[in-house]
There are 2 protein chains.
Amino acid sequence: MAMDRDQVLRDAAALLSRKSTATMDEVARAAGIGRATLHRHFAGRDALVRALEDLGIREFEVAFDNARLDEGTAVEALRRLVAEAEPNAQLLAFLVTENQLFEGDEVNEGWARLDARVGALFRRGQEEGDIRIDLSAAWLTEALYGLVGTCAWAVMDGRVAAKDFQYMIIELLLGGARRSVEK
Amino acid sequence: MAMDRDQVLRDAAALLSRKSTATMDEVARAAGIGRATLHRHFAGRDALVRALEDLGIREFEVAFDNARLDEGTAVEALRRLVAEAEPNAQLLAFLVTENQLFEGDEVNEGWARLDARVGALFRRGQEEGDIRIDLSAAWLTEALYGLVGTCAWAVMDGRVAAKDFQYMIIELLLGGARRSVEK
DNA sequence: CCCGAATGAGACGCCCATGTCTCATTCCTG
DNA sequence: CAGGAATGAGACATGGGCGTCTCATTCGGG
């Protein structure tokens, strides 16, 4: 029928990224379907959020695959990763803040997988001597998520130009704000 | 009487930082007062959040003052700023995510003042030649907030040691993750 | 010591989002 | 073209949090 589960999830993500308290009715309208239909496919709001979580994890698994994190230097891989993640930055921003709600109870294992891949990437960079070892891989992982989410918000609010998304994140994350004579 | 408005706000902030959906009843219990008393002092949940916003802005105004943003180099001032902001990092993390809800309607002007001060600090650093000019002051401001919030979450989740708070933020923000031969 | 103000506990009623259900309609399928 | 499945719109009951109120109790100033 007209109902495309993944498209509905994407529409829901687009709305909830901006207004995390949106009603099921608002989500349904945003997706162009009836509230009843929304409930037929997602047992409830909770199930919808879980589905969004699954979608996000799937998207980022793919993004990670496309970024070929194992090829080239870790720095190069990181650049590719940010580029691949950009289309789903809003979804990430939503899920990161939403996850604060899941207080320990049954956190989706997918996040651990993603964390592990990002963490491994930073560790590889550290072993190769390209990434500082005084900043833990765990923190760099969190910081990457945080910066992506922050930049996604900044773009939505018009404080950062959309075209600068990748540059702002990568340059700050890798090079920092301080101006150095020679890197 | 026993009711200390500011202390109640601090208790509320401590709880809401961890569980942003906490009930008015939970907030009251966390503050050690009755729900009725809480309502007597704050017209409603919305008023409570606004009061928290005011508290946060006041705290950061003071933190900014204490950091003496105009003294020394911008980089030094930034270090002092992060140090001064640390005690209120959780509150900032809460307010930053909560502010996403205030969709344009009557945003507290205090944020603009704070933004202006941080932005001016980064611009000063750029003019002095210590801060990169290819990263806009607006983005650096957002990134600072984002990193502080992210690190606060990471500390709460135990992914970053509390004692490393300032170091992780300042070093990443200023120096970036990339290891350079000489700065 | 006394009196007034503030508090805590609880009882309501209200509102809104949720989740379920029905029924007419539309759409695909065979 | 006919039948069945899926959808949309709406009605309905429910729950939970919110806001208000009352009343007994406690605290503190005079």
Side-chain angles (χ1 to χ4, degrees), chain A residues 1-56 91 94-95 97-106 108, chain B residues 1-56 91 94-95 97-106 108:
Chain A
M1 302 298 172
M3 161 95 190
D4 176 359
R5 181 186 166 97
D6 262 36
Q7 187 54 45
V8 169
L9 282 176
R10 281 172 217 287
D11 291 334
L15 172 61
L16 290 171
S17 295
R18 274 174 287 112
K19 186 181 179 184
S20 60
T21 60
T23 296
M24 289 294 276
D25 192 81
E26 292 176 293
V27 172
R29 290 181 189 285
I33 63 175
R35 195 165 65 94
T37 304
L38 185 60
H39 271 95
R40 283 190 192 99
H41 289 268
F42 304 99
R45 188 190 183 74
D46 199 63
L48 176 64
V49 173
R50 300 299 175 126
L52 278 173
E53 200 176 20
D54 286 334
L55 173 66
L91 180 56
F94 166 70
L95 292 176
T97 60
E98 195 74 3
N99 266 18
Q100 323 285 193
L101 300 182
F102 299 168
E103 306 206 323
D105 50 295
E106 45 184 305
N108 192 315
Chain B
M1 300 297 177
M3 161 92 191
D4 175 359
R5 182 186 165 95
D6 262 37
Q7 186 53 47
V8 169
L9 282 175
R10 281 173 216 286
D11 291 335
L15 172 61
L16 289 171
S17 295
R18 274 175 286 112
K19 185 182 180 184
S20 61
T21 60
T23 296
M24 288 295 275
D25 191 79
E26 292 175 295
V27 172
R29 290 181 189 284
I33 63 175
R35 193 165 67 96
T37 305
L38 184 62
H39 271 95
R40 283 189 192 98
H41 289 267
F42 304 98
R45 187 191 183 75
D46 200 61
L48 177 63
V49 173
R50 299 299 176 127
L52 279 173
E53 200 176 20
D54 286 334
L55 173 66
L91 179 56
F94 166 68
L95 292 176
T97 60
E98 196 74 3
N99 268 19
Q100 323 286 194
L101 300 183
F102 298 169
E103 305 206 324
D105 50 294
E106 45 184 302
N108 193 314

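All values below come from the heavy atoms of this structure, side chains included, with hydrogens, waters and symmetry mates left out. Below, read A as the first sequence line, B as the second, and so on, with proteins coming before strands; counting in each chain starts at 1.
Contacts between residues 22-29 of chain A and DNA chain C, counted as heavy-atom distances below 4.0 Å, involve A/T23, A/M24.
Atoms CZ (B/R45) and C1' (D/dG17) sit 9 Å apart, rounded to a whole Å. Straight-line distance from the CZ atom of B/R40 to the P atom of C/dG8: 8 Å, rounded to whole Å. Distance, A/K19 NZ to C/dA17 C1': 12 Å, rounded to whole Å. When rounded to the nearest whole Å, the span between CG of A/L38 and C1' of C/dA17 equals 13 Å. Between B/I33 atom CD1 and C/dA9 atom P the separation is 11 Å, expressed in whole Å.
Just one residue in the list B/R18, B/R45, B/R35, B/K19 forms a salt bridge (Lys or Arg N to Asp or Glu O under 4.0 Å) with B/E26, and that residue is B/K19.
Residue B/H41 has a polar side-chain atom (N or O) positioned under 4.0 Å from OP1 or OP2 of C/dT7.
The minimum heavy-atom distance between B/L95 and B/L52, with the atom names listed, is CD1-O, 3.8 Å. Summarising the geometry of A/L9 relative to A/A51, their closest heavy-atom pair is CD2-CB, 3.8 Å, with the distance given to 0.1 Å. The two atoms that bring A/F42 and A/A47 nearest to each other are C-CB, 4.3 Å, heavy atoms only. The minimum heavy-atom distance linking A/L91 with A/G56 is given by the pair CD2-CA, 3.4 Å.
Between the side chain of B/R35 and the base of C/dG10, no donor-acceptor pair under 3.5 Å is found.
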(request) List the steps and the verdict of salt bridge (Lys or Arg N to Asp or Glu O under 4.0 Å) for A/R50 and A/D54. (result) CA-CA 6 Å; A/R50 300 299 175 126; A/D54 286 334; over 6 Å; no

(request) I would like to know whether A/L48 and A/M24 meet side chain to side chain contact (heavy atoms under 4.5 Å, CB included); could you show each step before the answer? (result) CA-CA 9 Å; A/L48 176 64; A/M24 289 294 276; 4.1 Å; yes

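In this structure, the nucleotide among C/dT7, D/dT20, D/dA9 sitting nearest to the side chain of B/H39 is D/dT20.
Using a cut-off of 4.0 Å between Lys/Arg side-chain N and Asp/Glu carboxylate O, B/D6 and B/R10 are scored as salt-bridged.
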Using nucleotides 13-15 of chain D, report all nitrogen or oxygen pairs with the protein that are shorter than 3.5 Å.
none

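Where B/A36 and A/G44 meet DNA chain C, the nucleotide closest to each residue was compared, and B/A36 sits on the side nearer the 5' end.
Annotation: side chain of B/V49 is not in contact with side chain of B/E53 (no heavy-atom distance under 4.5 Å).
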